[in-house]
Number of protein chains: 2
Amino acid sequence: MTFSEENYLKSIYSLQKDSPKGVSTTILAQYLESKPASVTEMIKKLDEKGLVLYQPYQGVLLNKNGELVALKVIRKHRLWETFLAKKLDFSWDEIHDVAEQLEHIKSDKLIKELDRFLGFPTHDPHGDPIPDEQGNVIKVEKKQVSQLVPGDTGTCVGVNDTSSSFLQFLDQQQIKLGTVIEIMHLQDFDKSMTVRIDGRELLLSQIATENIYVKF
Amino acid sequence: MTFSEENYLKSIYSLQKDSPKGVSTTILAQYLESKPASVTEMIKKLDEKGLVLYQPYQGVLLNKNGELVALKVIRKHRLWETFLAKKLDFSWDEIHDVAEQLEHIKSDKLIKELDRFLGFPTHDPHGDPIPDEQGNVIKVEKKQVSQLVPGDTGTCVGVNDTSSSFLQFLDQQQIKLGTVIEIMHLQDFDKSMTVRIDGRELLLSQIATENIYVKF
DNA sequence: AAATAAGTTTAGGCAAACCTAAAAAATATA
DNA sequence: TATATTTTTTAGGTTTGCCTAAACTTATTT
Ligand SMILES: [Mn+2]
Ligand SMILES: [Mn+2]
Ligand SMILES: [Mn+2]
Ligand SMILES: [Mn+2]
């Protein structure tokens with residue numbers, strides 16, 4: 001399994017939720033910052049290796065094998081993110097890029113020991129669940145803040161956008177995992193929301209409310 | 001800097017101590033488990049990049065630039081080895097292979113934080129000094145056990161051979177860093193030595209005594 | 001000094017993972 | 001349904017890092 005193959009499988013895993021009948025080469029290429037022609041080549045290879053289902057012109061989907069490999073890479077990614085945030089003083093907007101490299105280190109013992117060292121965490125610093133060794137993922141009951149209505153209250157359990165700029169914005173607003181958000185008002189024309197957090201009132205744009213997940 | 005380039009520089013660094021007028025392509029190829037022709041290609045590239053001094057047929061040496069890069073990779077390798085041994089319950093014969101992968105992760109912040117997390121260690125689990133950020137290495141006063149004579153006493157400060165089999169042998173004999181070794185007798189015909197460790201007497205072959213370093 | 005042996009470089013290839021441009025297929029539009 | 005547009009694949013290149021075999025240089029023998 002090369003770095004590149006692992007990245008393809010991980011990307012297909014993420015994208016196939018929104019494209020359940022097949023991830024197109026264009027979308028995959030966009031996601032991987034490469035070109036459709038390159039994607040076609042690689043998914044043909046992954047198909048021959050028995051990791052994906054590929055039908056020309058119809059897109060690609062992971063099979064059981066491929067999904068397990070993808071989940072193992074995601075497990076490593078999220079364990080490393082947890083390590084960086086909990087043990088090394090990285091902030092949650094800095095961990096992703098380094099974890100993109102660390103997730104490809106090959107050593108079963110390493111990941112087992114890291115898991116133990118971190119106290120068998122169930123979620124990473126962005127609130128995403130960490131798959132277990134067998135590839136089982138805890139499904140989290142969560143809603144976007146944008147789906148709540150005035151009067152509702154939710155507790156932040158994760159984010160969708162994990163870009164530095166968004167995470168830094170959340171830090172500025174003192175929104176983190178566990179933060180309680182109460183919806184005060186919905187501005188009709190732009191879907192922005194006035195919310196209350198720790199007594200403070202603040203305005204969140206639609207983009208923001210769509211990228212914050214809460215449980216309730 | 002690719003993984004391969006980093007491995008070449010690291011290898012030249014190790015080999016040039018014993019070949020001060022130039023590391024030959026054959027020796028480098030052997031060390032890297034590749035072929036002389038491949039080595040020639042790569043050192044030409046490293047020469048063009050201004051990292052080594054290469055004269056056809058005369059071997060290769062690191063210049064200041066290349067040495068600094070090599071030392072930074074070695075620093076990362078040894079910090080990761082320390083992490084694996086101190087924090088993750090790896091034994092000293094298991095750490096090297098994983099560190100060979102981890103040493104190529106690119107992140108200044110990561111290595112700085114790791115260093116702090118480990119308490120700024122000066123030596124790795126094999127007794128080798130960890131270069132600082134500027135590439136300075138502490139020179140350790142050390143002798144091979146084979147250089148001692150009966151009556152001498154030394155404290156183990158490192159090993160030369162870091163193969164699993166040798167390190168596991170040392171574990172079996174309960175020889176580790178800090179172990180005090182007293183030379184009792186030198187067998188003339190095969191240069192094996194009878195030594196005393198914690199009251200126990202045991203016989204070490206010449207190969208063994210040449211691969212254990214002590215200070216005295 | 002000449003011949004032989006050993007070590008090194010050059011030449012020509014290969015696989016992985018990219019790319020651009022052209023061809024082919026699928027989809028949308030008139 | 002025929003045509004135009006978009007998407008996807010195929011064909012042909014490039015770069016990196018490796019290989020073998022042949023050519024060349026240096027070192028060692030006779
Ligand atoms: Mn991430
Ligand atoms: Mn994450
Ligand atoms: Mn090592
Ligand atoms: Mn070491």
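We name chains A, B, ... by the order of the sequence lines, and we start the count at 1 in each one. Keep in mind the model is a prediction, meaning the values are calculated, not measured.
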Tabulated below should be each protein N or O lying under 3.5 Å from an N or O of nucleotides 10-12 of chain C; please produce it.
from, atom 1, to, atom 2, distance (Å)
C/dT10, OP2, B/Lys44, NZ, 2.8

Between protein and nucleotides 23-27 of chain D, what N or O pairs are separated by less than 3.5 Å?
from, atom 1, to, atom 2, distance (Å)
D/dT25, O4', B/Tyr57, OH, 3.3

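With sequence neighbours excluded, the residues forming a ring pair (Phe, Tyr, Trp, His ring centres under 6.0 Å) with A/His104 are A/Phe3, listed by chain and number. In this view, B/Asp128 satisfies the side chain to side chain donor-acceptor pair (under 3.5 Å) rule with no residue, not counting sequence neighbours. Annotation: salt bridge (Lys or Arg N to Asp or Glu O under 4.0 Å) contacts of A/Glu41 (sequence neighbours excluded): none. For B/Lys49, the salt bridge (Lys or Arg N to Asp or Glu O under 4.0 Å) test picks out B/Glu5, with sequence neighbours left out. Listed by chain and residue number, nothing satisfies the side chain to side chain donor-acceptor pair (under 3.5 Å) test with B/Ser19 (two or more places apart in sequence, or in another chain). With sequence neighbours left out, B/Thr40 forms a side chain to side chain donor-acceptor pair (under 3.5 Å) with no residue at all. When the side chain to side chain donor-acceptor pair (under 3.5 Å) test is applied to B/Lys72, no partner is found at least two apart in sequence or on another chain.
Pairs of residues two or more places apart, or lying in two chains, never qualify as salt bridge (charged side-chain N to carboxylate O under 4.0 Å, His left out) while including a residue from residues 15-25 of chain A. Applying the side chain to side chain donor-acceptor pair (under 3.5 Å) rule to pairs touching residues 82-91 of chain B yields B/Ser91-B/Asp93, B/Ser91-B/Glu94, sequence neighbours excluded.
Annotation: proximity of residues 11-22 of chain A to DNA chain D (heavy atom, distance under 4.0 Å) is found for no residue.
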